[in-house]
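Below is one structure, written out as structure tokens; comments come after it.
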Amino acid sequence: MSSPCPTKPKAITMPRYNPADVEPKWQRYWEQNETFKAPEMPEGEKLYVLDMFPYPSGEGLHVGHPEGYTATDITCRFERMRGKSVLHPMGFDAFGLPAEEYAIKTNTPPRISTEKNIATFTRQLKMLGFSYDWSRVLATTDVDYFRWTQWIFTVLFDTWFDHDQQKGRPISELPIPDEVRAEGDTAIRHFQDDHRLAFQSDALVNWCPKLGTVLANEEVIDGKSERGGYPVERRPLRQWMLRITEYAGRLEQDLEGLDWSDSIKRMQREWIGRSSGAEVDFFIGAQSSATDSDRASTAFESWKSDRATSGFPRKPGDDVLRIYTTRPDTLFGATYMVIAPEHPFVDRLTVADQKSAVKSYCEQAAAKSDLDRTELAKDKTGVFTGSYAINPVNGEEVPIWVADYVLISYGTGAIMAVPAHDTRDFEFAQHFNIPVIAVVDPGELEDVDRAAVLAGTECCTEQGTAVNSGDYNGLTTAAFKQKIGNDLATQGTGKRATNYKLRDWLFSRQRFWGEPFPILHELDDAGNPTGMIRAVDPEDLPVDLPHLDDYKPHGKPEPPLGKSPDEWLYPVIDGKRYKRETNTMPQWAGSCWYYLRFIDPKNGTAFVDREKERAWMPVDLYIGGAEHAVLHLLYSRFWHKVLFDRGYVSTAEPFQRLVNQGMILGEPQYHITPAVFEANKDVLDKLKLNTLRVESEDKVTYILKNGSGDASTDLSEDQTEKRQGQFYLAGTEIPLTTRADKMSKSRGNVVNPDDIVRQHGADSLRLYEMFMGAFEATKPWSKSGVDGVWKFLNRAWRIIVDENAEELALHASVQEVAATDEQLRVLHKTIKAVTKDIETLGFNTAISRLMEFVNFFTSQSVRPKAVMEQFVLLLSPFAPHLGEELWELLGHGTTLAYEPWPVCDESYLVESTIEIPVQVLGKLRGKVQVAPDISKEDLIAAAKADDKVQPWLEGKTIIKEIVVPGRLVNFVVKEPAN
RNA sequence: GCCAGAGUGGCGGAAUUGGCAGACGCGCUGGAUUCAAAAUCCAGUGGCCGCAAGGUCGUGUGGGUUCAAGUCCCACCUCUGGUACCA
């Protein structure tokens, strides 16, 4: 491939396209002229275009980053030229585990290494010529920034969720029940603390000893930490939680109005996991006399009549086991109950004989990590408590079991088991020989053995018609659900209920590199915590991180901030001594609201100015990777809704349109299987080929390489051959598979953007990433693809610049003359297509159209200057440096960034004749040239008259003539009847 | 297992949402230029049959609807994401 720096010294510098000169020149120009500085308030129509800001890792920018950033940059440059007021900022998400791990690895304080990484990222981003308003840059680690992150936390702390209004309100407006008020101030404060959106809890949490911190459910995948893949165990620890579950309903509902892809919406919906059913109370009040069924049934009857008058209580008493079910229509089929091992009733419900069995089962379950629980899912385990509950619909006694397939954190932590119609219950019942009673007749269905289902030997979860269900027999599942919902409510034994899979957000981490909580724990005179907490006053924010000599994790749950100097750790306010909260916030905190700060990044009195917020929000286009589909996007929507409820922001949702860029994979590589590798070691040796062993998800393959170590390269195409659809190593019988994988060091397929810019320039990198394929599709990298767009930029350069001149000068063909009709048609076709494609993010096809334009004008000996100017404007969002350089050369003194975008004049598109394909029986047989406005009849006549078509019509009867105006003609014919 | 999305030349990928399959790019072949090469320019390039004109087959597999299917329907195969006891 040619290089922008010729190897041979030249006598005269020919004005070749040299991005190494052109690109820094224009980057300097934009910076010095503040070309892309956004106004404080939008002027005219506003457009807020946001990239998911990067995590500045020590590795530097990855080729995946510029993909989304180029897409937004093209959109912004395009819309500025169309006159919109564009806000397009960039920043850094710099707190969190990876940065801290990197700091530890390189033995640098996190702040220092973070600043270094940010500097590298900034250099790389600027090198790519993105039109960010750099005056708004921020990092979540800036003290000025996290001051407001802490402030938002105090808002969460000050908010409770009013279920009636479905809205977050100030804690001062929380109604205090009289009985609480009667107990005094301390009780009131505890009551308030129990209702705050930010609260402390002692629940079981995911503790990762290797990372030295707890993790949110979302950060644990298959029982291992999302970052690092380390084992995670369950431990009870006092932690800060955010009540995101209160917003589950709104987070789900409000998805509807968003312009997001269906798949992301679906992922969020599934994560929130709404289900509706009923809560039902099973009577257990007569425990002591469970063996005496007479007394039990008397107690049950009196409980039932009490309930009929008192109704279904908000909180279940000790005399009932409350369960949640989505199938209340199967109540008659409940043959046993299950409570989670962590259920508070376990002890009470366990009879003396079963005590030791239950105890050891629960201990075992507690020791199991989530991973173990999942892995053992195939075999259901459990143990009988020895006691029974009474089914409210038929008074039957139902045995109560403890089993870990029931989760304490979902629903009520207890279920009624209906083995006939629930797969998990069925497996359990089979294993423990528990009766199976069918209560739903599925009818005749494919893949369902109706007789087996009714006999209780097969499980069926389909809906159907009720059987074995007393008065309800014959009802359809839907009607049954409806009726029993009402009946349970009148009897006071149950009520309709909605549940969500979403859990509250575990918000504290035991690491150093995060935002300190703006929370103070009151101490008594002896220095012990009183249990009273308060938020730091807004005017005392920020709470900066103290200097610590040793901030490394030590595998124990005490946060490093616990070792802070006393003057930081023990503030005294109004004579009262406090201890600061020593947990820090998770990485997600800073990214929850950065889009708001960009609107007003320097504001020292508010997190964002209200007027500015109203003017710029919501984000009109938000682009980033799909890996944030649930976590970041759910968290920030939650924070935004709280801020909205409290009146601090004006929109219910932050990101109106979301688009996910597809992942860029490494260049395809040739693999062989372990068996082939073992059998052909000598052949590979002879050919001087090396292999790279890679393991992924317990599959092992070998990647073939030329050379070894860092100098190794992947096999080239001509080292392979394809025979009968199978690739072989050239000249051998060694079968190869070709695969493109995620870029990773271990596969040796990582592409560094710096290298591409050095070889071909930023414009080529940008253009290539946009040309690779559809924006949202996953696509493999290709070295020769970059060469291709580099050649295109050179061709574009050469239709305007005279490469053979001694000085930079216009090509002789570029003249101030009127364009021909054909030239205008090509230009306006290009304008139309490129405009439409940018609007729909179809960048790859837009570039194709620009290539066609250049191909056409390469063959034109006269290139009207006005046409070239329009072309340069069309090209400029994609290759902005080249665009500016050519624009200047065409005689313009200032940037093209605000030149009006070319407008397509349809009248130039009209062609004097068009080509219409003619089919006979759906097969293409000829083409006719006709006037665009030809009548149907004339078109048919022309088609019939065509030389190529005639033989196919000869001797046949035309039974139908199909004409699609402007598109095609099709004759349906048949052999004449003899 | 379940839920999405995808499967088109040697390769990356296009195809007014049912209307000329393979735009554009890479690669390859031939030619021009060159002492030669690189670069550049021009032409060609899905398979098969044919000297050609042309024919014929062709969008993962098998069926179907239609004048017409890459596109719609049914069944299946493969890959990529998501999810995994949520009652």
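Within every chain, numbering begins at 1; the chains are lettered A, B, ... in the order of the sequence lines, protein sequences first and strands thereafter.
Among the atoms of the strands shown, only primed sugar atoms or phosphate atoms (P, OP1, OP2) are found under 4.0 Å from some heavy atom of A/W952. Residue A/K948 is classed as a sugar-phosphate contact, given heavy-atom separations below 4.0 Å to backbone atoms only. Using a 4.0 Å heavy-atom criterion, one finds that A/S782 contacts no nucleic acid atom at all. Within the 4.0 angstrom heavy-atom criterion, base atoms lie near A/R967. Among the heavy atoms of the strands, none lies under 4.0 Å from A/R269. Using a 4.0 Å heavy-atom criterion, one finds that A/N855 contacts the sugar-phosphate atoms exclusively. Among the protein residues, A/T423 comes within range of no part of the nucleic acid, since none of its heavy atoms lies under 4.0 Å from any strand. Using a 4.0 Å heavy-atom criterion, one finds that A/E915 contacts the bases of the nucleic acid, with or without backbone contacts as well. A/A629 comes within 4.0 angstrom of no nucleic acid atom, judged by non-hydrogen atoms across all strands. A/P668 comes within 4.0 angstrom of no nucleic acid atom, judged by non-hydrogen atoms across all strands. As judged by a 4.0 angstrom heavy-atom cut-off over every strand, A/K923 is placed among residues touching the sugar-phosphate backbone only. A/R274 comes within contact range of no nucleotide atom at all, as no heavy-atom separation falls under 4.0 Å.
Ring centers of A/W401 and A/F432: under 6.0 Å apart, within the cut-off. A/F428 and A/Y336 have their aromatic ring centers within a separation under 6.0 angstrom. Not less than 6.0 angstrom separates the ring centroid of A/W790 from the ring centroid of A/Y768.
Straight-line distance from the CZ atom of A/R322 to the P atom of B/A87: 18 Å, rounded to whole Å. Note: OH (A/Y768) to C1' (B/G13) measures 10 Å, nearest angstrom. A/N804 places its CG atom 12 Å from the C1' atom of B/A39, with the value rounded to the nearest Å. The distance between atom CZ of A/R925 and atom C1' of B/G55, rounded to the nearest whole Å, is 8 Å. Counting to the nearest Å, the C1' atom of B/A87 and the NE2 atom of A/H343 are 13 Å from each other. Taking atom NZ of A/K791 as the reference point, atom P of B/A39 lies 7 Å away to the nearest angstrom. Counting to the nearest Å, the P atom of B/C2 and the CE atom of A/M267 are 19 Å from each other. Atom pair A/W790:CH2 and B/G27:P shows a separation of 15 Å (rounding to whole Å applied).
For the pair A/K927 (side chain) and A/E915 (backbone), a donor-acceptor distance under 3.5 Å is absent.
Taking 4.5 Å as the limit, some side-chain heavy atom of A/R274 sits within range of a side-chain heavy atom of A/T498.
The partner of B/C79 is B/G5, by the rule that a Watson-Crick or G-U pair needs both atom distances under 3.5 Å. Figure legend. B/A23 is base-paired to no nucleotide; pairs are counted as Watson-Crick or G-U wobble with both atom distances under 3.5 Å. In a base pair of the Watson-Crick type (N1 to N3 plus N6-O4 or O6-N4) or a G-U wobble (N1-O2 and O6-N3), with each distance short of 3.5 Å, B/C85 is matched with no nucleotide. Base pairing of B/G58 is not made with any nucleotide, judged by Watson-Crick or G-U wobble geometry with both donor-acceptor distances under 3.5 Å. Across all strands shown, B/G18 forms no Watson-Crick or G-U wobble pair with both distances under 3.5 Å. Remark: B/A32 base-pairs with B/U40; criterion is Watson-Crick or G-U wobble with both hydrogen-bond distances under 3.5 Å. The partner of B/A68, taking Watson-Crick or G-U wobble pairs whose two distances both stay under 3.5 Å, does not exist in any strand shown.
Side chain to side chain, A/R16 and A/N794 fail the donor-acceptor criterion of an N or O pair below 3.5 Å. Counting only N and O atoms by type, the side chains of A/T381 and A/Y361 include a donor and acceptor under 3.5 Å apart.
Among all heavy-atom pairs drawn from A/D425 and A/M416, the shortest one is OD2-O, 4.1 Å.
Proximity note for A/I415 (side chain, C-beta onward) versus B/C24, B/A87, B/A68: the nearest is B/A87. Closest to the A/S848 side chain, of the nucleotides B/G19, B/C42, B/A23, is B/A23. Closest to the side chain of A/M851, from the set B/C24, B/C41, B/A87, is B/C24. With B/A23, B/C41, B/U56 as the choices, the nucleotide that has an atom nearest any side-chain atom of A/R795 turns out to be B/C41. When the nucleotides B/A87, B/C67, B/C24 are ranked by their closest atom to the side chain of A/Y410, B/A87 comes out on top. Checked against B/G13, B/A87, B/G19, the side chain of A/I962 finds its nearest nucleotide in B/G19. Of the candidates B/G19, B/A87, B/C3, the closest approach to any side-chain atom of A/Q919 belongs to B/G19. For A/S784, the listed nucleotide lying nearest its side chain is B/C26; candidates were B/C26, B/C24, B/C3. Checked against B/C20, B/A87, B/G55, the side chain of A/Y324 finds its nearest nucleotide in B/A87.
Atom CG of A/N499 is separated from atom OG1 of A/T326 by 10.0 Å, given to the nearest 0.5 angstrom. Interatomic distance, CG of A/L793 versus CZ of A/R798, reported as 11.0 Å (0.5 Å rounding).
Here, B/G5 and B/C85 have their C1' atoms 26 Å apart, quoted to the whole Å. Distance noted for atom C1' between B/U29 and B/G19: 34 Å (whole Å). The P atoms of B/U16 and B/A6 are separated by 14 Å, rounded to the nearest whole Å. For the C1' atom pair drawn from B/A15 and B/C20, the interatomic distance equals 11 Å after rounding to whole Å. To the nearest whole angstrom, the two P atoms, one in B/A14 and one in B/G22, are 15 Å apart. Annotation: B/A23 and B/G31 have their C1' atoms spaced 25 Å apart (nearest Å). B/G44 and B/G62 are spaced 34 Å apart, taking the P atom of each and rounding to whole Å. Taking atom P in both B/U40 and B/G25, the straight-line distance is 13 Å, to the nearest Å.
Of the two residues contacting RNA chain B, namely A/K742 and A/N970, the nearest-nucleotide position lying further toward the 5' end is that of A/N970. Nucleotides of RNA chain B nearest to A/G922 and A/D425 differ in position, and the one nearer the 5' end is that of A/G922.
At a non-hydrogen distance threshold of 4.0 Å, A/N844, A/T845 from residues 835-845 of chain A come into contact with RNA chain B.
Using a 4.0 Å cut-off between a side-chain N of Lys or Arg and a carboxylate O of Asp or Glu, A/D787 and A/K791 do not qualify as a salt bridge. Under a 4.0 Å N-O distance rule, the pair A/K836/A/E839 does not qualify as a salt bridge.
B/G54 adopts an anti glycosidic conformation, its chi angle falling more than 90° from 0.
For A/S263 and B/G81, the shortest distance from a side-chain N or O to OP1 or OP2 is not below 4.0 Å. In terms of phosphate contacts, A/R739 brings no side-chain nitrogen or oxygen within less than 4.0 Å of OP1 or OP2 of B/C11.
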